[in-house]
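Working notes, beginning with the structure itself.
When a residue number appears, it is its place in the shown sequence, counting from 1.
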Amino acid sequence: MNNINEFEAILLVDDDPVINILNSKFLRRTGYLHKIWKFENGLEAFYYLGQIIKLQESMVTKNPVLVLLDLNMPDFNGWDFLRLYNDLEEHIKDSFRIVVLSSSCNPADIDRANADPNVHGYIIKPFSIESIDAIEKFFSYS
């Protein structure tokens, strides 16, 4: 993948609805053409992965879905999401690519996220043109 438009859809997971709206609008203004789903709760987003798998069964092209995951959320945070995600079967995980998008610049959080085999990269908020460039670089060698 060399272009963010190669993702089938983007799943924004952040407890702040304003951040989700801003990130969605930013993605549209930078030319992202496909579906964007917004979730304010990590558990709801996790359960929606099953719906995405069902949707993809009817699609001719099965490009992965990008998950932009915040770490610091109440009730069910990004770490909880990653813990449950780790238990999914590999063929399900093949449909998704996770990038952490967090306000945390704590080196322990960055190291922990980057050590997770399901996390493809870590971006510190706010979302920007440089963030999109970084996402494309995370996957240009995949």
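- At a threshold of 4.5 Å between non-hydrogen side-chain atoms, the residues Tyr122 and Ser104 count as touching.
- In the hydrophobic clustering of this structure, Ile19 does not group with Phe39; members are Ile, Leu, Val, Met, Phe, Trp, Tyr whose side-chain heavy atoms approach within less than 4.5 Å, directly or through other members.
- Heavy atoms only, all atoms of each residue included: Arg97 and Pro64 are closest at NH1-CB, 3.8 Å.
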- Message: Between Leu69 and Leu101, is the side chain to side chain contact (heavy atoms under 4.5 Å, CB included) condition met? List the steps.
- Response: CA-CA 5 Å; Leu69 179 66; Leu101 178 61; over 6 Å; no
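- A pairwise comparison of heavy atoms in Thr30 and Leu27 identifies OG1-O, 3.0 Å as the closest pair.
- Panel note: side chain Glu6, backbone Asn3; a donor-acceptor pair is recorded below 3.5 Å.
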- Item | CA sep, side-chain torsions, deciding dist, call: Val100, Ile123, side chain to side chain contact (heavy atoms under 4.5 Å, CB included) | CA-CA 6 Å; Val100 170; Ile123 296 172; over 6 Å; no
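- Among residues at least two apart or in separate chains, salt bridge (charged side-chain N to carboxylate O under 4.0 Å, His left out) pairs with a member in residues 70-85 are Asp70-Lys125, Asp80-Arg83.
- Checking each of Phe139, Phe138, Phe96 against His120 for a ring-ring contact (aromatic ring centres under 6.0 Å, His included) leaves exactly one that passes, namely Phe139.
- Between Ser102 and Leu71, the closest heavy-atom pair is OG-CB, 4.0 Å.
- Looking at heavy atoms from C-beta onward, Leu84 lies in side-chain contact with Phe76 at the 4.5 angstrom threshold.
- When each of Ile52, Ile98, Ile53 is paired with Val65, the side-chain contact (heavy atoms from CB on, under 4.5 Å) condition holds for Ile52 and for no other.
- With values rounded to the nearest 0.5 angstrom, Asp87 atom CG is found 11.5 Å from Ile92 atom CD1.
- Rounding to the nearest 0.5 angstrom, the gap separating the NZ atom in Lys93 from the CG atom in Leu49 is 11.5 Å.
- The closest donor-acceptor contact from the side chain of Tyr32 to the backbone of Ala9 lies under 3.5 Å.
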- Task: Report the C-alpha distance between Tyr85 and Phe46 in whole Å, list the side-chain angles of each, state the deciding distance to 0.1 Å, and finish with yes or no for ring-ring contact (aromatic ring centres under 6.0 Å, His included).
- Result: CA-CA 8 Å; Tyr85 186 85; Phe46 181 80; 7.1 Å; no
- Derivation of the side chain to side chain contact (heavy atoms under 4.5 Å, CB included) call for Val67 and Val13: CA-CA 7 Å; Val67 178; Val13 186; 4.2 Å; yes
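- Remark: the backbone N or O of Asn20 is not paired with any side-chain donor or acceptor of Ser24 at under 3.5 angstrom.
- Chaining together hydrophobic side chains whose heavy atoms lie under 4.5 Å apart leaves Leu33 on its own.
- Shortest non-hydrogen contact noted between Pro126 and Ser131 is O-OG, 3.8 Å.
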- Message: Using side chain to side chain contact (heavy atoms under 4.5 Å, CB included), reason through Leu68 and Leu11 one step at a time and then give a plain yes or no.
- Response: CA-CA 6 Å; Leu68 294 176; Leu11 195 74; over 6 Å; no
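- Checking side-chain atoms of Asn86 against main-chain N and O of Leu82 turns up no donor-acceptor pair under 3.5 Å.
- Each salt bridge (charged side-chain N to carboxylate O under 4.0 Å, His left out) pair with one or both residues in residues 108-118, not counting sequence neighbours, would appear here, but there are none.
- In this structure, CD on Glu90 lies 11.5 Å from OG on Ser95, to the nearest 0.5 angstrom.
- At distances below 3.5 Å, not a single donor-acceptor pair connects side-chain atoms of Asn72 with backbone N or O atoms of Ser103.
- Here the CG-CG distance, from Asn23 to Asp16, works out to 9.5 Å after rounding to the nearest 0.5 Å.
- A single hydrophobic cluster is not seen to contain both Leu12 and Ile21; linkage of ILVMFWY side chains at heavy-atom distances under 4.5 Å, directly or through other members, places them apart.
- Listed for the Asp15 side chain is no donor-acceptor partner under 3.5 Å among the backbone atoms of Glu40.
- Proximity of Leu66 to Ile135: side-chain heavy atoms (C-beta onward) are separated by under 4.5 Å at one or more points.
- Hydrophobic cluster membership differs between Trp37 and Leu22, with clusters built from Ile, Leu, Val, Met, Phe, Trp and Tyr side chains linked at under 4.5 angstrom.
- Proximity of a side-chain donor or acceptor of His34 to a complementary backbone N or O of Ile10 within less than 3.5 Å is not detected.
- Residues Phe127 and Ile132 form a side-chain contact, since some pair of their non-hydrogen atoms from C-beta on lies under 4.5 Å apart.
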